[in-house]
Amino acid sequence: MLNYKQLHHFWSVARAGGIVRASERSGLAPQTLSGQIGALEASLGATLFHRRGRGLVLTETGQMVLDYAEEIFRVGSELEEALKSRAAGRAVPFRVGIADVVPKAIASVLLAPSMDLPEAVRIVCHENKLERLLGELAIHKLDVVLADSPMPDRMDVRGYSHKLGESTISFFAAPALAGRLGPQFPACLDRAPMLIPGADAAVRRPLLQWFEEQRIAPRIVGEFDDSALMKAFGERGVGVFPATTLIADEICRQHDVRRLGEAEDVREAYYAISVERRISHPATLAISRSGLPRTGGA
């Protein structure tokens, strides 16, 4: 079995940038640290450091081992924090980043299972652009990020995407506008004033492709990064707007609009992005297991 004490000494040396500095921080003799790292290399059958002058440089295998060690000891630290919080009767913090393209109502549905755990959870939500949130996730300021797309390949951040579910898209309009468009869906969308999500929304491209496939040419009168603002304009009758079918009833009640129809071929997915392959935080685990309820067309 892997010797975690040896792994911790390796982790300490790698983070300190050398054996001497790690020795000063830990109070252990340099010979002790060197011997522990040598024993770990022997058990793994791999060289973890190369000497460069008086310093040490991680090998490719050493960098991989360090990545795993970072995750192992971070999870261990979270475990200690959670146990201390439980023993003291304090709520376990759950730090969530929500990409600004994710509707607030969907975020609340996704996060609801985290509030039903046996242990008390204190949820802390931050909304921002996905790239900014992933940067905060990488330095462990967040436990999880909710997004409408998996981890982007272009990001130089190690993360793992856990799909929570998906929903079809429906179209909504204020009563007066809906009355002028007529009952035939999707034909009623042709030349209709249309509000669409901004360029960062994952659903935008399949939505525009669906218009082409249906031979529909709506008149786009607005583009919005904020889905709540798009709905507010739709409520005023400025244009038809698309939204997740999952919360169709809530949208109709809250914004006093009518549902025109459903685009069953256009689906919007939601993901929990974490820095760990196997989720350990109890709140993140709860939302990943619950996911989204299925919509009629999903």
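Small disclaimer: the values here were computed from a predicted structure and weren't measured. Numbers for residues simply follow the sequence, beginning at 1.
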Scan the side chains in residues 108-115 for donor-acceptor partners under 3.5 Å anywhere in the protein, sequence neighbours excluded, and list what turns up.
{"residue": "Ser108", "atom": "OG", "partner": "Ala105", "partner atom": "O", "Å": "2.6"}
{"residue": "Ser114", "atom": "OG", "partner": "Leu111", "partner atom": "O", "Å": "2.6"}

* Structure fact -> Between Ala243 and Ile251, the two heavy atoms sitting closest are CB-CD1, 3.4 Å
* **Stepwise side chain to side chain contact (heavy atoms under 4.5 Å, CB included) test for Arg25 and Ser12** => CA-CA 9 Å; Arg25 293 180 180 179; Ser12 300; over 6 Å; no
* To do: Carefully, step by step, assess Asp226 and Lys104 under the rule side chain to side chain contact (heavy atoms under 4.5 Å, CB included).
  => CA-CA 10 Å; Asp226 188 331; Lys104 312 298 186 296; 3.9 Å; yes
* Asked: Are any of the side-chain heavy atoms of Pro193 and Val238 separated by less than 4.5 Å?
  -> no
* Audit row: Asp225, Lys129, salt bridge (charged side-chain N to carboxylate O under 4.0 Å, His left out) steps and yes/no -> CA-CA 10 Å; Asp225 289 335; Lys129 295 290 185 184; 3.5 Å; yes
* Asked: Between Asp143 and Val96, is there a donor-acceptor pair closer than 3.5 Å when you use the side chain of the first and the backbone of the second?
  -> no
* To do: Considering non-hydrogen atoms only, spot the tightest contact between Pro152 and Leu134 and give its length.
  => CD-CD1, 3.7 Å
* Asked: Leu208: which other cluster members, linking ILVMFWY side chains closer than 4.5 Å, directly or transitively?
  -> Ile169, Phe171, Leu177, Leu181, Phe185, Leu189, Met194, Ile196, Val203, Leu207, Trp210, Phe211, Ile216, Ile220, Val240, Leu260, Val266
* **Shared hydrophobic cluster for Val124 and Leu137 (ILVMFWY, side-chain gaps under 4.5 Å)** => no
* Can Thr47 and Glu41 be counted as having a side-chain donor-acceptor contact under 3.5 angstrom? -> no
* Closest contact, heavy atoms only, Pro197 versus Met230 -> N-SD, 3.9 Å
* Electrostatic pair Arg259-Asp249, nearest N-O below 4.0 angstrom -> no
* Asked: Hey, are the side chains of Gln36 and His8 touching, using non-hydrogen atoms and a 4.5 Å cut-off?
  -> no
* Which atom names give the shortest non-hydrogen contact between Gly182 and Cys188, and what distance separates them? -> O-CB, 3.7 Å
* In terms of heavy-atom contacts, does CD of Glu213 have more than 12 from other residues, nucleotides or ligands at under 6.0 Å? -> yes
* SB check Lys163 Glu166 (cutoff 4.0 Å) -> yes
* To do: Please examine the side chains of Pro103 and Tyr270, heavy atoms only from C-beta on, and report whether any two atoms are closer than 4.5 Å.
  => yes
* Give, for atom CG of Leu146 and atom CD1 of Ile273, the distance between the pair rounded to the nearest 0.5 Å. => 9.0 Å
* Taking the side chain from Thr59 and the backbone from Gly62, do they hold a donor-acceptor pair closer than 3.5 Å? -> yes
* Do the non-hydrogen side-chain atoms of Ile247 and Ile106 ever get within less than 4.5 Å of each other? -> yes
* Treating Ile, Leu, Val, Met, Phe, Trp and Tyr as nodes and any side-chain heavy-atom pair under 4.5 angstrom as an edge, say whether Phe172 and Leu229 lie in one connected cluster. => yes
* **Flag side-chain contact, heavy atom, 4.5 Å: Ser43 against Gln6** => yes
* Asked: Step by step, would you call Thr168 with Glu262 a side chain to side chain donor-acceptor pair (under 3.5 Å)?
  -> CA-CA 7 Å; Thr168 58; Glu262 177 184 8; 2.5 Å; yes
* **CA sep, side-chain torsions, deciding dist, call: Arg204, Glu223, salt bridge (charged side-chain N to carboxylate O under 4.0 Å, His left out)** => CA-CA 10 Å; Arg204 177 187 170 108; Glu223 303 181 29; 2.9 Å; yes
* **Criterion ring pair (Phe, Tyr, Trp, His ring centres under 6.0 Å) on Phe224 and Phe233, from CA distance to verdict** => CA-CA 10 Å; Phe224 300 85; Phe233 271 79; 5.1 Å; yes
* Work out which heavy atom in Ser23 is nearest to a heavy atom in Pro30; give both atom names and the distance. => OG-CD, 3.4 Å
* Structure fact -> To the nearest 0.5 Å, atom CZ of Arg132 lies from atom CD of Glu127 at 13.0 Å
* Would the number of heavy atoms belonging to other residues, nucleotides or ligands and lying under 6.0 Å from NZ of Lys141 be above 12? -> no
* To do: Side-chain contact test, heavy atoms from C-beta onward, threshold under 4.5 Å: evaluate it for Val221 versus Leu195 and give yes or no.
  => yes
* Structure fact -> Scanning both residues in full, the closest heavy-atom pair of Tyr271 with Ser149 reads CD1-C, 3.4 Å
* Asked: Could you walk me through whether Arg95 and Glu136 pass the side chain to side chain contact (heavy atoms under 4.5 Å, CB included) check?
  -> CA-CA 10 Å; Arg95 302 159 299 179; Glu136 293 182 359; over 6 Å; no
* Asked: Got a donor-acceptor contact below 3.5 angstrom from the Ser167 side chain to the Glu268 backbone?
  -> no
* Share the residues that join Leu56 in a hydrophobic cluster, the rule being Ile, Leu, Val, Met, Phe, Trp or Tyr side chains under 4.5 Å apart at the heavy-atom level. => Leu2, Tyr4, Leu7, Phe10, Trp11, Val13, Ile19, Leu28, Leu33, Ile37, Leu40, Leu44, Leu48, Phe49, Leu58, Val65, Leu66, Ile72, Phe73
* Asked: Has Asp116 got more than 12 heavy atoms of other residues, nucleotides or ligands less than 6.0 Å from its CG?
  -> yes
* Asked: Do Gln63 and Thr61 have side-chain heavy atoms sitting under 4.5 Å apart?
  -> no
* Asked: Hey, does the side chain of Asn128 reach the backbone of Leu133 with a donor-acceptor pair shorter than 3.5 angstrom?
  -> no
* Asked: Do Lys231 and Gln254 have side chains that get closer than 4.5 Å, going by heavy atoms?
  -> no
* To do: Verify, without hydrogens or angle tests, whether Ser26 (side chain) and Ala22 (backbone) share a donor-acceptor contact under 3.5 angstrom.
  => yes
* Check: Ser161 side chain, Met151 main-chain N or O, donor-acceptor pair, under 3.5 Å -> yes
